[in-house]
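Shown next, in structure tokens, is the structure this report addresses.
So that the names make sense, note that chain A is the first sequence line, chain B the second, and so on, each numbered from 1.
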Number of protein chains: 2
Amino acid sequence: MRKPAQPTINDVARIAGVSKKTVSRVINRSPLLNEDTRRRVEQVIAELGYTPNPQARALALRRNFLIGLIHDNPNAQMVLNVQHGLLEVLRDTEFELILHPVDRGSPTMLDDIRAFLEKQRPYGVMLLPPISENDSLAELCAGLGVRYVRMGSAPLDEAANMVASNDREAVRGAVEHLIAAGHRRIGLIAGPHGFRSAVERQAGYEEAIEAAGLPLQRTLIVHGDYRFESGMRAAERLLDLAPRPTAVFSSNDEMAAGVLHVAHQRGLTVPQDLSIVGFDDTPIASHIWPPLTTVRWPIATMARAAALKLVGGAGGARPGEDGEASLFVSTLIRRASVAPPPGAG
Amino acid sequence: MRKPAQPTINDVARIAGVSKKTVSRVINRSPLLNEDTRRRVEQVIAELGYTPNPQARALALRRNFLIGLIHDNPNAQMVLNVQHGLLEVLRDTEFELILHPVDRGSPTMLDDIRAFLEKQRPYGVMLLPPISENDSLAELCAGLGVRYVRMGSAPLDEAANMVASNDREAVRGAVEHLIAAGHRRIGLIAGPHGFRSAVERQAGYEEAIEAAGLPLQRTLIVHGDYRFESGMRAAERLLDLAPRPTAVFSSNDEMAAGVLHVAHQRGLTVPQDLSIVGFDDTPIASHIWPPLTTVRWPIATMARAAALKLVGGAGGARPGEDGEASLFVSTLIRRASVAPPPGAG
DNA sequence: TGCTTATGGGAAACCGGTGTCAGTAGCAAG
DNA sequence: CTTGCTACTGACACCGGTTTCCCATAAGCA
């Protein structure tokens, strides 16, 4: 299993009877180049199956073609959607995606990221929530001269460095949907403290409640940590209330599944006894019973836009496509987990 | 936002008053090096915050430090688990993980992978099922001199190139569990044709049925494509049978969730009216209602083992840890979706 | 015809590391 | 005092590209 030697630019030059520089010119589509020469060199390249060595190129150009994905997001589906969105754009370029998951809890997280950036010197990095909300991280990137794009629930940075969904408005729409169905006591399972997405989603809930002239009750708001189990605990607290809320908005699907779980345990029927709305539209939302009404945000589209911002025309990407947009709209997906409250008509 | 120039080996050499070669020796822990010199150079390295340029290193060493992850697997949780398992090992090394998802349906898939391998020349690649079952792909890697490790449901390759779970045995155990609970008519939702995992899991089912002296009925075996919707369609066919099966083994959790979905639609209570067992132990298994009895296979552990096989001592990895193993055992996770059949005791 | 100006293409240096090999210093042996 | 050995260290070429600069050659012009 010896590694077959790969042809280099020197081989191409020798066989085509030109200098390396001319081959380089062909590869880089230099305009001042005779048509005949170009064809001859291209022919040799094709025959040899020559591919430029990315490492040598990176060295000579004093920049590489790596995009880093830095995240601490536990939602597998979301991370994978992002990866696919990014790669869809990078595939047509010479960029490669390298991964750098981190541990939000670790006190050395920033040092760890700094080491990563200094060692690899990626051309750019994509930051996923929740660490994308960390301003010192953005400053770190900027300080090291590494391009970055942050993905988040609200515009936290200038448009060139940001792809944002409008969570507040989306949640407001979702809660208004519950209100329109007749619900008056609507519980909120908020996200964890310190998460911008949690703040935005809670604000959307509160806006909807207040706009409808309903009382904003503290007891109806319980915090979770975006995980299933915390959704269960929050649901238990909400369903222990008297009178019970007739609907619950959960700040993500995972916790909404926890609510459904507890409802089942208590013999409550969804949506007849309790309406539930989630957020994210992960696969679980459509796979559990009943299928969950939820908010879908365009992760892959946002990731594509982020990739375009990062490589911005460099390396063969066609710029200006949807690379301009930095705010993306979410949609409410209506499924079977919402009905009028019990005893309503 | 000018990119701050990073110190190079020349800067270190100049400031420390030694040659580049000596700095290189310090970095690479060469033993024949004066302690004083080493300390002095290390001091300068620390002061400057010098990090060797990976691209230059790769060029000089005529090999790079990239591990590729090639897959066409739709299961996000599984892919992410693999990524984490790999990165857990690679993090302590100088290797980076680059992603190359492919489209199984595309006729140019092999060419696409070949182009990727020729361009990046990764040090090694990890192949995930189902494409890991493709022997021509393994041959392609071997032919190009790229190390590879295949992950699969059975030993398809020599141990050095393989991490395998024993799906057949695991499924056999799961079905025996159903039989022990009293079930006699057990449906199988098999995986898609052409998947080794589908073959292995079906074989496990058949072994269990035959070992128990039960009749092997073709009508009780329906194929799906590992997706939720196909699980629903398969469940509909199985539940239309008369007499109805009292239990269903589904070849993955996703399809098992589809079965649960159909059961709910038809007003069947799980597990009282129908027992269900899945495979994979993805999060959905524990999040749906009722929680699903399923087979858990040690994805992250297998990925770690694969990474060790790939970098095998190279680049600072401690070898011989669990890098030897190539067959991994799965466990049956018992939850609430299995009960004795209706009318039994 | 002779001089200027484009235009295409080559030689050599360079990017930041590593491998080869020769050289120097210190010290024991001859 | 020379020789030989050991222990370090440096000069230089090289990896495979790109950039800079400069030189042919041909065309344009008087």
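Using a 4.0 Å cut-off, some side-chain N or O of B:Ser24 falls inside it from OP1 or OP2 of C:dT18. Distances shorter than 4.0 Å separate some side-chain N or O of B:Asn28 from OP1 or OP2 on C:dT18. Between A:Arg57 and D:dG16, a side-chain N or O to OP1/OP2 separation shorter than 4.0 Å is absent. An OP1 or OP2 oxygen of C:dG9 is reached within less than 4.0 angstrom by a side-chain nitrogen or oxygen of A:Thr37.
Mapping A:Leu33 and B:Ile9 onto DNA chain C by nearest heavy atom places A:Leu33 closer to the 5' end of the strand. Both B:Lys21 and B:Leu32 lie near DNA chain D, and the one whose nearest nucleotide falls closer to the 5' end is B:Leu32.
Between A:Tyr50 atom OH and D:dG16 atom P the separation is 10 Å, expressed in whole Å. Atom CG in A:Asn64 sits about 15 Å away from atom P in D:dT18, given to the nearest Å. Rounded to whole angstrom, the span from the CZ atom of A:Arg62 across to the P atom of C:dA13 amounts to 16 Å. As rounded to whole Å, 16 Å separates atom P of D:dG17 from atom CZ of A:Arg63. For the pair A:Asn53 CG and D:dT18 P, the computed distance is 10 Å after rounding to whole Å. Rounded to whole angstrom, the span from the CD atom of B:Gln120 across to the C1' atom of D:dG16 amounts to 15 Å. Rounding to whole angstrom units, CG of residue B:Leu61 and C1' of C:dT20 are separated by 15 Å. Between A:Arg38 atom CZ and C:dT7 atom C1' the separation is 14 Å, expressed in whole Å.
The minimum heavy-atom distance linking A:Ser197 with A:Ser153 is given by the pair CB-OG, 3.0 Å.
Listed nucleotides: D:dT18, C:dG10, D:dT9. Nearest to the side chain of B:Asn34: D:dT9. Comparing C:dG17, D:dT19, C:dC15 by their nearest atom to the side chain of A:Leu59 picks out C:dC15. Checking C:dG8, D:dG10, D:dG17 against the side-chain heavy atoms of B:Thr22 singles out D:dG10 as nearest.
For A:Tyr123 and A:Phe95, the ring centers are positioned less than 6.0 Å apart.
For B:Arg25 against D:dG10, a side-chain-to-base donor-acceptor contact under 3.5 Å is present.
For the pair A:Arg150 (side chain) and A:Ser132 (backbone), a donor-acceptor distance under 3.5 Å is present. Side chain of A:Glu88 to main chain of A:Arg304: no donor-acceptor pair is present (N/O by atom type, distance under 3.5 Å, no hydrogens or angles).
Among the atoms of the strands shown, only primed sugar atoms or phosphate atoms (P, OP1, OP2) are found under 4.0 Å from some heavy atom of A:Val18.
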field: Check against side-chain hydrogen bond (donor to acceptor under 3.5 Å, both in side chains), B:Glu118 and A:Gln6
entry: CA-CA 8 Å; B:Glu118 287 185 337; A:Gln6 201 165 5; 5.8 Å; no
